[in-house]
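Just so you know, these numbers come straight off a predicted model, no measurement behind them. Residue numbers start from 1 in every chain, and the chains themselves are labelled A, B, ... in the order their sequence lines are given, proteins ahead of strands.
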Amino acid sequence: MFENAFESARAAGDLTSEDKPAVVIETPPNEAFGDFSCNIAMTLARAERKAPLVIAEKIVKHFEAPEGFLRDARIEKPGFINLYLDGDFLCAKLGEIFSSPDDFGKNESGAGKSVHLEFVSANPTGPLHVGHGRGAALGDVLGRVLEASDFRVHREYYINDAGNQIETLAKSACARYLQDVKGDAVPFPGDGYQGEYIREIVKSSRFREGIGALEDEQALLSQAGVIAKDLILEDIKKSLSEFRVRFDEWFSESSLFTENGNKIEEAIAALEATGKLYEKDGAKWLASSAYGDEKDRVVVRDDGRPTYLASDIAYHHLKYERGFDRYINIWGADHHGYLPRVRASMGMLGHDPDKLDVLFVQFVSLRRGGEAVQMSTRAGEFEELSAVVDEVGVDAARFFFLMRSADTALEFDLDLAKEQSSENPVYYVQYAHARACSLFRQAAEEGESFDDLDEPPPGVLVLAEERQLMKNLLEWPDVVRTAAERLEPHHITFGLIALAKQFHAYYNRNRILGQGDGLTRARLCLAKCVQIVLKNGLNLLGVSAPEKM
RNA sequence: GCGCCCGUAGCUCAGCCGGAUAGAGCAACGGACUUCUAAUCCGUAGGUCGCAGGUUCGAAUCCUGCCGGGCGUACCA
């Protein structure tokens, strides 16, 4: 509409600019400034050499709005053009919610493109802790948001089941096992995993049966490592599944060495063919500094063993060869220095590094009774995800993890998350949903049949807060789109809290039932829309939307 | 030293691909339940958006430099 007005204003000689400016429509901070506003006049000011207010007038003069759409278009002081929508137009737009309730909020910004989404990928050397939980919630919800934006999402967990940490796990398990059968005199390796979970593992019947009567030290070691890893991985899968996080694929690092040839060697050979690998001090180095990394990196050690980076190069190389349109990884913030070298290696292999996005998720600290909960990974005493989930519930845990943007450190208040009161935002949103549902139940009990709710009839919903509510509802698809475009699921959480707040206020101020057929019906329609959007939003978060509380 | 993230109300945080009077929750204070769920609502109070420059008609938002906090800086993963 603005573009058309600009064109016709130019055709009429009112404007002289050649270039069509980028039209930015935004929602004003204050209701008094209308429903939408545009700054086009201000951006044109320079090129036109005229005051923004003058330009705005010329543009508004050439507006051709569809019938029944605009109530008013006003020009405000610095040069904003503010549009005031017709209330009945809003009512009619709500019809979209009813025509396909489950789909409302979806958008097509992904245009059917495929996304490879890798997240969690915690080492199978210990249980998941709250930090992993945050990554899990973020990745899972991002996946849902991307799907709602018409991306095809493949969720993958990369299992680091090769390398030193598995050897360390094997040694730790072996030592605990021997301590268990021979007494505490058996030394525990200094770099071993201290966690209590390893003692439990070696006591389990699965472990004992797997070990059997092995005496040979090497055989015992490798067998202990395999079993411990398997048991831990099962535990991880269980924790994630209970946390309502699912994966399409569990990709094993060790499979890179064994399946369909050695993918690590292939990747190294491919890099060598590009001339980007060189030898120094007996090791093979990646010339990544020429690709934005701060220094070159070792890919093959001087003893011939590949580094972790070699695995990751092979893994990402394989990802790219699988032909996705985009790749998104979610990593802990402590891995941020790792991205340049992975990007560099992909560039060297002829892949487009820009197809790879990495979300870095900052740390989680726990708070209980107003005090920080001490977490010491060195001593193996960290707060496990499953313990937190058991304590506060899946809904609260997921919601809390998504109440902050990923790049800010999260303080997780256990007391608050557990609290079933107004102070807990999860319940706040769920309660709004349950409240709406109870209205429909109540209406039915009173014998009024409102199960054919559709868009509100025109001319009835005239309150300012009703307009505001309608506008917020209609903006929901934009919230989802923004969350997908910026890879920021927390917009969903904030959008839901805002909508719930608006609905609670509206509910308290205005009676919905028993207002006469016309008004009650219209307000119920509105409440139905609220309920649908809340439900869809909670679904995106993987949080339940109870009908009763 | 270098790199990434953060610094906004007493606390926890939104807002940050430039826009109008900087928002929310908690905490504080004062109100609202014979009426649709008080797990709710209404009101009051609370701010030199870390500091200093720059770009701009306009900066919490972009750039530069400082200060403060977190994380990283391996032939570990």
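In this structure, of B/C75, B/C41, B/A77, it is B/C41 that holds the atom nearest to the side chain of A/H504. Side-chain atoms of A/K295 lie closest to B/A74 of the nucleotides B/G25, B/A74, B/A20. Nearest to the side-chain atoms of A/N82 among the listed nucleotides B/A20, B/U73, B/C75 stands B/A20. Of the candidate nucleotides B/C75, B/A14, B/C41, B/A14 has the atom lying nearest to any side-chain atom of A/T408. Here the nucleotide nearest the side chain of A/K501, chosen from B/A20, B/A14, B/A24, is B/A24. Nearest nucleotide to the A/N164 side chain, out of B/C13, B/A77, B/C42: B/A77. Taking only side-chain atoms of A/L513, from C-beta outward, the nucleotide of B/C36, B/C41, B/A39 with the closest atom is B/C36. Side-chain proximity of A/E411 to the nucleotides B/C41, B/C5, B/C13 is greatest for B/C13. Proximity note for A/E294 (side chain, C-beta onward) versus B/C75, B/A14, B/G3: the nearest is B/G3. The side chain of A/F33 lies closest to B/A20, out of B/A20, B/C71, B/A77.
Glycosidic conformation at B/C33 (O4'-C1'-N9-C4 for purines, O4'-C1'-N1-C2 for pyrimidines): syn, within 90° of 0.
If you check B/C16 for Watson-Crick or wobble pairing at under 3.5 angstrom, you find it has no partner at all. Using the Watson-Crick or G-U wobble rule with both distances under 3.5 Å, B/G65 pairs with B/C51. Nucleotide B/G25 forms a Watson-Crick or G-U wobble pair with B/C11, both donor-acceptor distances falling under 3.5 Å. Remark: B/A39 base-pairs with no nucleotide in the shown strands. Criterion, Watson-Crick or G-U wobble with two distances under 3.5 Å. Pairing for B/U73 goes to B/G1, judged as Watson-Crick or G-U wobble with the two contacts each under 3.5 Å.
Along RNA chain B, the nucleotide nearest to A/D407 and the one nearest to A/I497 differ in position, and the one closer to the 5' end is contacted by A/D407. Between A/R305 and A/R486, the one whose closest nucleotide on RNA chain B sits nearer the 5' end is A/R486.
Checking the phosphate oxygens (OP1, OP2) of B/A14, a side-chain nitrogen or oxygen of A/S405 falls inside 4.0 Å. The side chain of A/R435 contributes an N or O atom lying less than 4.0 Å from OP1 or OP2 of B/A38. In this model, the phosphate group of B/A77 is not approached by any side-chain N or O of A/Y193 to a distance below 4.0 Å at OP1 or OP2.
Summarising the geometry of A/A170 relative to A/G225, their closest heavy-atom pair is CB-CA, 3.5 Å, with the distance given to 0.1 Å.
Annotation: side chain to side chain donor-acceptor pair (under 3.5 Å) contacts of A/N472 (sequence neighbours excluded): A/Q502.
Within the nucleic acid shown, A/D293 has no heavy atom closer than 4.0 Å to any nucleic acid atom.
The ring of A/F251 has its center closer than 6.0 angstrom to the ring center of A/Y315. For A/F412 and A/F401, the ring centers are positioned less than 6.0 Å apart.
Between A/D293 and A/R343 there is no salt bridge, since no side-chain nitrogen of the basic residue lies less than 4.0 Å from a carboxylate oxygen of the acidic one.
Less than 4.0 Å separates RNA chain B from at least one heavy atom of each of the following residues of residues 336-348 of chain A: A/H336, A/Y338.
Contact check for A/V300 versus A/I268: side-chain heavy atoms found under the 4.5 Å cut-off.
For A/R509 and B/G43, the CZ to P distance is 7 Å, given to the nearest whole Å.
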